[in-house]
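Report on the structure given below.
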Amino acid sequence: MSTEARSNFLKTQIQSDLDGGLVEQLVTRFPPEPNGFLHLGHAKSITVNFELASRFGGRCHLRFDDTNPEKENKVFIEAIQEDVRWLGYKWDGEVRFASSYFQQLYEWALHLVEQGLAYVCDLSAEEARDYRGSLTEAGRDSPFRCRSVDENRRLFEGMRAGEYAEGSRVLRAKIDMAAPNINLRDPILYRIRTAHHHQTGGEWPIYPTYDFAHGQGDAIEGITHSICTLEFEDHRPLYDWFIEHLPVPNRPRQYEFARLNTSYTLTSKRKLKHLVDAGVVTGWDDPRMPTLAGLRRRGYPAGAIRHFCEEIGTSRSDSVVDVAMLESAVRNQLNESAPRAMAVLNPLPLTLTNLSTPATLSVANHPNNEDMGTREVPLTAEVLIDAADFREEANKKYKRLVLGKRVRLRGAYVIEADSCDYDATGAVSRVYARIIEGTLGEDPPDGIKARGVIHWVSASSGVRAEVRCYDRLFSDPNPGRTEDVMAVVNPGSLRCIEDAVIEASLAHAEPEQVFQFEREGYFVADRFDHCRERPVFNMTIGLRDTWNTANA
RNA sequence: UGGGGUGUCGCCAAGUGGCAAGGCAGCGGGUUUUGAUCCCGCCAUUCGCAGGUUCGAAUCCUGCCACCCCAGCCA
C-alpha cells in the first residue's frame with residue numbers, strides 16, 4: 001500500500017463528514033504564534049493541514065495566533081511565511097491574524113457578560129491559582145463570581161478603556177469551579193496588557209487568551225476541522241463551550257494528533273535558544289538546527305521533508321520517529337535530483353606518469369538519468385585523490401588503490417599504482433601511477449580488472465573549497481530528556497575542511513544547489529557564504545555506507 | 001490519588017469481527033565505472049496483560065498494568 005492511500009483517523013473523519021453532508025468543503029488552518037522560528041514539528045503540522053485540504057479539495061489558511069504581544073515579533077511573522085512557502089505550500093487568501101478579530105472577540109465577550117456567563121475577577125494571579133484547586137481537589141468560587149451583569153459590564157468596559165492596571169483584573173467565563181477538567185474552572189478570557197502589539201499597536205489594553213481566541217477565530221474563518229496537537233485535548237470541552245454559547249457563524253470542530261518527536265533532535269525553543277546564545281551553533285539557521293531555516297541551509301529538500309511527514313503517518317499515539325527515516329527521505333529525493341560531481345575532501349597528490357598530454361573527458365551527470373547530460377572534466381598528469389583511497393598494502397576487501405594493484409578513476413582510466421613518496425612524518429605524500437591504455441569505457445585488455453572505483457580531481461584545474469561536514473547535533477537519542485542541553489551536545493557535530501578541492505564546474509554552483517560528491521554524499525552550496533571566488537559547501541548527508549559501519 | 005488520552009515487529013504505522021499492509025532500520029543474495037542507486041529474498045502463529053462473548057477477536061465486553069497530557073493572567 002502506498003503512503004498516498006494509507007488512511008488515518010483524520011482522513012476517515014473528514015471523509016465521513018463530507019459524505020454525511022456535515023461540511024460542504026474542508027477548511028483547515030495552520031495557526032502559529034509568531035514567537036519563534038518554525039521547526040520540524042511545525043513542518044508536520046503544516047503538512048497535515050495543507051495536505052488534508054489539498055487531498056479533499058478544501059482550503060488551508062495561515063493564521064497568526066497573535067494574542068500575546070509580549071512574546072511576539074514582526075520578524076517571526078516574516079520568517080514563518082517564508083518557511084511555509086519554502087516548504088511548498090500556499091495558503092488560501094491573505095495571511096490572517098487573530099488580532100484582526102479583537103473587536104469581534106470583545107463583542108462576544110460582552111455577550112457572555114450580558115448572558116451572565118462571564119465575570120470580572122479581581123483575584124491576583126496567585127490567589128486565582130489557589131482558588132483553582134488542584135488535580136485532585138475541586139476549586140472554590142471566586143468571591144467576585146456573583147457580581148451583577150451591570151457591574152461586570154461596567155468593569156469589563158473599563159478594562160477595555162484601559163482604566164485598570166495590568167494584572168489587576170481579568171474576565172473569566174462562569175462555568176464550574178468544581179469541574180474535574182481544570183480548563184473548565186472559570187477560565188480566563190481576557191487579561192490586561194500594556195505592551196505594544198506588533199499589529200494593533202496600542203489600540204488594545206486587553207488581550208484575549210488562546211482559549212477565547214482560537215475557536216472563535218476558527219469560526220470566523222469558516223474553519224471546519226481545527227487540527228491541533230494532543231496537549232489541547234483537555235481544552236476541547238472549553239472550545240465547544242464557547243462555540244455553543246456564542247452567536248458564531250460556524251461550528252468548527254477540534255481534532256488532535258500526536259506531535260512529532262524525532263530521535264536525536266530537540267524542538268524545545270528554550271533549549272535551542274540556549275545553544276544559539278552559547279554559540280554552540282551559529283544561529284537559528286545553523287545547518288545542524290532542527291528549524292526549517294536550518295534544514296534548508298543544510299540542503300534538505302522541502303519535498304523530502306514533506307514526504308517524511310506523510311510517510312510517518314498521523315496518529316494519536318505518542319511516539320519518537322527514528323531520524324533515520326528523515327535521512328532516508330532526504331537521500332531518496334537527492335539520489336534522484338542531485339547531479340553528480342567529484343570533490344576530494346582530504347587530498348593526496350597522484351602523478352600519472354604516462355599521461356603526456358592533458359585530456360578532456362565527458363562524464364555523465366547522473367548514472368541512471370541520461371537527461372541530466374554530461375560535463376567535461378579535465379584529466380591532467382597531476383590529480384588529487386582522497387588519502388583514504390590509497391594504501392601501500394591491503395587485503396582483498398579494500399576495493400581502492402594499493403601499490404601494484406589497479407583501480408579505476410571514476411569516469412576515466414584504470415590506473416595501477418607503482419610507488420609513493422613520504423613526508424617527514426613518514427606519511428604517504430604522493431602516489432605514482434600508470435594509466436592502463438585502452439581502459440576508457442572499457443575493461444583492461446589484459447583481463448586484469450580494477451578492484452574498485454575512486455573519485456579524483458585534476459590538481460591544476462580543481463578549485464579549493466571550504467566544506468563543512470556535519471554530524472548529529474546531539475549525542476543522545478532523546479536529548480529532550482536531559483535538562484542540561486550542553487551535556488548532550490555532540491562535540492564533533494561540525495568538521496570544517498578548509499582545503500578540500502572540488503572540480504571546477506562546482507565553483508559555478510548557485511547557492512542552495514545540491515550535488516552528490518561521488519562516493520562521499522550530498523553537499524549543498526551554502527545559501528549565504530558560497531560564491532564562485534570562495535566556494536563553500538555544506539554536507540547535507542552522507543551516502544548510505546554499508547562498508548564503514550561493517551568494518552569500523 | 002481527579003480528569004483526559006495512548007498501548008500492533010528495533011522505530012513509525014495500516015487494520016473498525018473473517019484469519020497481521022507498508023515504510024525505516026537490519027540481514028542474506030544479484031547487477032553496477034559511486035562500498036551509492038537499483039533488483040530479489042528474509043524479518044509479528046501474534047496485536048500491553050488476564051479473563052469473557054463468538055464458529056471466528058488486534059478489532060466486542062470486564063478487570064488490571066504501563067506510559068503521556070492537564071493546576072500560565074503562555075500557546
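Each chain gets a letter, A, B and so on, in the order the sequences are listed, and its residues count up from 1.
- Nucleic acid contact class of A:Arg172 (heavy atoms, under 4.0 Å, all strands): none.
- Residue A:Pro367 is classed as a base contact, given a heavy-atom separation below 4.0 Å to a base.
- Partners of A:Asn395 according to the side chain to side chain contact (heavy atoms under 4.5 Å, CB included) rule, which considers only residues two or more places apart in sequence or in another chain, are A:Lys397, A:Tyr398.
- The same atom, P, is picked in B:C47 and in B:A58; the two are 7 Å apart, to the nearest Å.
- The base-pairing partner of B:G28, taking Watson-Crick or G-U wobble contacts with both distances under 3.5 Å, is B:C40.
- Nucleic acid contact class of A:Gly139 (heavy atoms, under 4.0 Å, all strands): none.
- For A:Phe30, there are no ring pair (Phe, Tyr, Trp, His ring centres under 6.0 Å) partners two or more places apart in sequence or in a different chain.
- For A:Asp318, there are no salt bridge (charged side-chain N to carboxylate O under 4.0 Å, His left out) partners two or more places apart in sequence or in a different chain.
- The shortest distance between the side-chain N/O atoms of A:Thr314 and the OP1/OP2 oxygens of B:A13 is not below 4.0 Å.
- With sequence neighbours excluded, the residues that form a ring pair (Phe, Tyr, Trp, His ring centres under 6.0 Å) with A:Phe232 are A:Tyr210, A:His235.
- Applying the 4.0 Å criterion to OP1 and OP2 of B:A13, one finds that A:Ser315 has a side-chain N or O inside that range.
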At a cut-off of 3.5 Å, list every protein nitrogen or oxygen paired with a nitrogen or oxygen from nucleotides 39-41 of chain B, distance to 0.1 Å.
none

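- Qualifying side chain to side chain donor-acceptor pair (under 3.5 Å) partners for A:Asn181, counting only residues two or more places apart in sequence or in other chains: none.
- Using a cutoff of 4.0 Å between basic side-chain nitrogens and carboxylate oxygens, A:Arg6 and A:Glu311 are not scored as salt-bridged.
- Here B:A50 sits opposite B:U62 as a Watson-Crick or G-U wobble pair (both hydrogen-bonding atom distances under 3.5 Å).
- Between A:Ser319 and B:C11 there is no side-chain N or O to OP1 or OP2 distance below 4.0 Å.
- A:Glu137 comes within contact range of no nucleotide atom at all, as no heavy-atom separation falls under 4.0 Å.
- Judged as a side chain to side chain contact (heavy atoms under 4.5 Å, CB included), and not counting sequence neighbours, the contacts of A:Val407 are A:Leu401, A:Ile415, A:Ile454.
- Side-chain N/O atoms of A:Arg331 include none lying less than 4.0 angstrom from OP1 or OP2 on B:U37.
- Scanning residues 405-417 of chain A for heavy-atom distances under 4.0 Å to RNA chain B yields A:Arg408, A:Arg410, A:Gly411, A:Ala412.
- Here A:Tyr210 does not count as stacked on B:A75, because the ring centres are not under 5.5 angstrom apart with planes under 30°.
- Considering only residues two or more places apart in sequence or on other chains, A:Tyr522 meets the side chain to side chain donor-acceptor pair (under 3.5 Å) condition with A:Gln516.
- In this structure B:G72 sits in the syn conformation; its chi angle is within 90° of 0.
- Under the side chain to side chain donor-acceptor pair (under 3.5 Å) criterion, A:Thr12 pairs with no residue, sequence neighbours left out.
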- Query: Reading nucleotides 67-73 of chain B from the 5' end, what letters show protein touch, with B for base, S for backbone sugar-phosphate only, - for no heavy atom under 4.0 Å?
  - Reply: -SBBBSB

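- Between A:Thr67 and A:Arg191, the shortest heavy-atom contact is O-NH1, 3.5 Å.
- Contact between the side-chain N/O atoms of A:Arg316 and the OP1/OP2 oxygens of B:G5 is not found at any separation under 4.0 Å.
- For A:Glu221, the side chain to side chain donor-acceptor pair (under 3.5 Å) test picks out A:His61, A:Arg63, A:Tyr101, with sequence neighbours left out.
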